[in-house]
Amino acid sequence: MGVFDSGLGGLSVLRALHARLPEAELTYVADSGHAPYGERDDDFIAERSHRICAFLLARQVDVIVVACNTATAAAIHLIRQTYPHVPVVGVEPGVKPAVAHSHNKRVGVLATPSTLSSDKYKRLIESYAQGALIVPQPCPGLAREIETGELDTPALRALVERFSAPLKLAKVDTVVLGCTHYPFVRPLFAQALGPDVVIMDTADAVAAHTARLCSTSNSQKSAKPEKLETSRRINHKSPSEVHLFSSGNPSHLAEVAKKWLGLEGSVSSFD
Ligand code: DGL
């Protein structure tokens, strides 16, 4: 399975995938050399996403997980057009579950400027806001700060305070983390927003969806006996293997994956 993000954020999805599918072979690409995506234009994000998908497919991954809300919004339709036979799972802000959960029907959405200005986000709100008040809060600079690997710095706290303030003013009772980097600073948001606000992200829902997809595709494969061994080799290595690639500094990714996830995979360069 291939997983990618603009950088370190997708590790929050990788963690959920690893928990759900402990025997799956996972290849993760962090495009940290080009992060953040959230302040780039769609063409740039699409070009990087294509390059990464081509790399993952050359490594024979059987599913691609776009562990990035920004790349999902800007490029998932293009990736699916280019590779119509490959299952591609994306992530988007969990507006639907947040609206269902909210008591006062006031929901904040924290995401990158690019995600919040996308057509995909507009369609998500049209489909799922269901009369609730949605307060979008772009967070420029936040993913870049998280990319440093330090999760409790004065700069990070200042950004979190700044982006939480309008949500507190709007009296939201539920906040969606609409960027895969943000779960790593959930404790700071929890402090800034206070104990009455519920914070939600979609990592586990995405992992559950991916696991269902894999089990459907495996049961289809096992209906054809001659393919069973191959599908086992590809999808269910044991013990699990995690291969990490970074277009930034590989040793930074190695250090962060160990610190945040306890993962000790080998890390290579990717450009
Ligand atoms: N982690 C990404 C997301 O989920 C993007 C952060 C960025 O590169 O701006 O949107």
Side-chain angles (χ1 to χ4, degrees), residues 2-17 28-49 51-53 64-79 88-95 98 108-122 124 136-149 151 155-156 159-160 163 175-186 188-189 199-207 209-210 244-249 252-253 256-257 260-261 270:
V3 184
F4 77 93
D5 177 46
S6 63
L8 306 174
L11 291 173
S12 60
V13 178
L14 190 77
R15 174 171 58 192
L17 287 165
Y28 182 82
V29 176
D31 200 11
S32 294
H34 300 91
Y37 282 180
E39 292 143 60
R40 304 272 200 173
D41 63 46
D42 285 6
D43 288 348
F44 180 88
I45 299 167
E47 201 271 317
R48 291 304 303 168
S49 300
R51 187 189 277 254
I52 295 167
C53 289
I64 291 177
V65 179
V66 184
C68 176
N69 293 262
T70 308
T72 299
I76 200 167
H77 56 295
L78 301 170
I79 298 168
V88 181
V89 178
V91 295
E92 53 187 14
V95 171
V109 180
L110 297 160
T112 67
S114 175
T115 296
L116 293 176
S117 61
S118 68
D119 289 343
K120 204 166 171 51
Y121 176 74
K122 283 189 198 94
L124 186 72
Q137 178 57 55
C139 305
L142 186 55
R144 184 182 290 113
E145 205 54 42
I146 294 168
E147 283 287 304
T148 64
L151 297 180
L156 211 38
L159 286 171
V160 166
F163 299 138
V175 168
V176 175
L177 302 180
C179 168
T180 55
H181 280 70
Y182 304 168
F184 292 112
V185 289
R186 180 191 288 255
L188 299 191
F189 275 114
I199 301 174
M200 303 176 83
D201 73 79
T202 53
D204 193 50
V206 170
H209 174 70
T210 309
L244 302 172
F245 291 85
S246 174
S247 63
N249 178 355
H252 183 55
L253 175 58
V256 168
W260 294 358
L261 268 58
F270 168 81

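Just so you know, ligand 1 is whichever comes first in the structure, and atom 1 is the first atom listed for that ligand. Hydrogens, waters and symmetry mates play no part in the numbers below; they use all other heavy atoms, side chains included.
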TODO: Please list, by chain and number, the protein residues whose heavy atoms come under 4.0 Å of ligand 1.
DONE: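 Within 4.0 Å of ligand 1, protein side: D5, S6, P36, Y37, G38, C68, N69, T70, T112, A143, C179, T180, H181.
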Task: Audit row: L110, V176, side-chain contact (heavy atoms from CB on, under 4.5 Å) steps and yes/no - done: CA-CA 6 Å; L110 297 160; V176 175; over 6 Å; no
TODO: Indicate yes or no: does R186 engage D201 in a salt bridge with an N to O separation below 4.0 Å.
DONE: yes
Open item on the list: Quick one, F4 and S49 - any side-chain contact, counting heavy atoms below 4.5 Å?
Closed with: yes
TODO: Side-chain contact test, heavy atoms from C-beta onward, threshold under 4.5 Å: evaluate it for T112 versus Y182 and give yes or no.
DONE: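 Side-chain contact under 4.5 Å: yes.
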Task: Partner set under salt bridge (charged side-chain N to carboxylate O under 4.0 Å, His left out) for R40, not counting sequence neighbours - done: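 R40 satisfies salt bridge (charged side-chain N to carboxylate O under 4.0 Å, His left out) with no residue once adjacent residues are dropped.
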TODO: Apply the test side-chain hydrogen bond (donor to acceptor under 3.5 Å, both in side chains) to residues E147 and H252: give CA-CA distance (whole Å), side-chain angles for both, the deciding distance (0.1 Å), then the verdict.
DONE: CA-CA 9 Å; E147 283 287 304; H252 183 55; 5.9 Å; no
